[in-house]
Amino acid sequence: MTLADRQEIRQPPYHRRQGLARLQAEALDHLWPWRSGSTQHRGFQRISLTLAALASLAWALAAFGLLPPDAIIGSWFGWSLLEIAIRYAHKPYVKEGPWWGHLYRRASLMDLVCYVGFKNLLIGAVLFLALRGVGAVVV
């Protein structure tokens, strides 16, 4: 690791928390792409919150069997693209090193594409399996 790389390593805002408080902060950091307490870009925040609500509505409609799988996948893909833009504006950092570590660094656009894509792939797979388990989605 070069000196320039070390200068880019930083801690998240919740790095001093311990135990359950740390786990809650980490979960919120992964699931809430907006920076807490941010007053910048209110219009963009309102639009993205509306689209997040629509993506959630798509999952709810799927739970009742009212939306086909391809529509769910399309809405989740659209949300993922928007989340990349949101994170780039509000939380442009990713973990550096092993997943259990506590070091973060400034993220490039490709870092965020990979992070959001993998995270949302896992979340989407779990939701799909849950819906399939209750018989709401037939694939």
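Contact between Tyr104 and Lys95 at its shortest, heavy atoms only, is OH-CE, 3.3 Å. Residues Ala107 and Tyr88 share a closest heavy-atom pair of O-CE1, 4.2 Å.
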Counting only pairs under 3.5 Å, give me each side-chain donor-acceptor contact of residues 109-117, with atom names and distances, residues two or more places apart or in other chains.
residue, atom, partner, partner atom, Å
Asp111, OD1, Arg105, NH2, 3.4
Asp111, OD2, Arg105, NH1, 2.7
Asp111, OD2, Arg105, NH2, 3.4
Asp111, OD2, Ser108, N, 3.0
Asp111, OD2, Ser108, OG, 3.2
Tyr115, OH, His30, ND1, 2.4

Could you pull out all donor-acceptor pairs under 3.5 Å where a side-chain atom in residues 49-63 meets a protein atom, sequence neighbours excluded?
residue, atom, partner, partner atom, Å
Thr50, OG1, Arg46, O, 2.9
Ser56, OG, Ala52, O, 3.1

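Residues passing the side chain to side chain donor-acceptor pair (under 3.5 Å) test with Ser80, sequence neighbours excluded: Asn120. With sequence neighbours left out, Arg17 forms a salt bridge (Lys or Arg N to Asp or Glu O under 4.0 Å) with no residue at all.
Residues Phe128 and Phe64 share a single hydrophobic cluster, defined by chaining ILVMFWY side chains whose heavy atoms lie under 4.5 Å apart. In the hydrophobic clustering of this structure, Ile47 groups with Ile86; members are Ile, Leu, Val, Met, Phe, Trp, Tyr whose side-chain heavy atoms approach within less than 4.5 Å, directly or through other members. Taken together through direct or relayed side-chain contacts under 4.5 Å among Ile, Leu, Val, Met, Phe, Trp and Tyr, Leu131 and Phe77 form parts of separate hydrophobic clusters.
For the pair Phe118/Ile123, no side-chain contact is recorded, criterion being any heavy-atom separation below 4.5 Å from C-beta on. Counting heavy atoms from C-beta outward, Val126 and Leu122 have side chains that stay 4.5 Å or more apart.
Within the structure, no pair that satisfies the salt bridge (charged side-chain N to carboxylate O under 4.0 Å, His left out) test touches residues 49-60, not counting sequence neighbours. For residues 63-83, the pairs satisfying salt bridge (charged side-chain N to carboxylate O under 4.0 Å, His left out) are Glu83-Arg87, Glu83-Lys119, with sequence neighbours left out.
Between Leu127 atom CG and Ile72 atom CD1 the span is 9.5 Å, to the nearest 0.5 Å.
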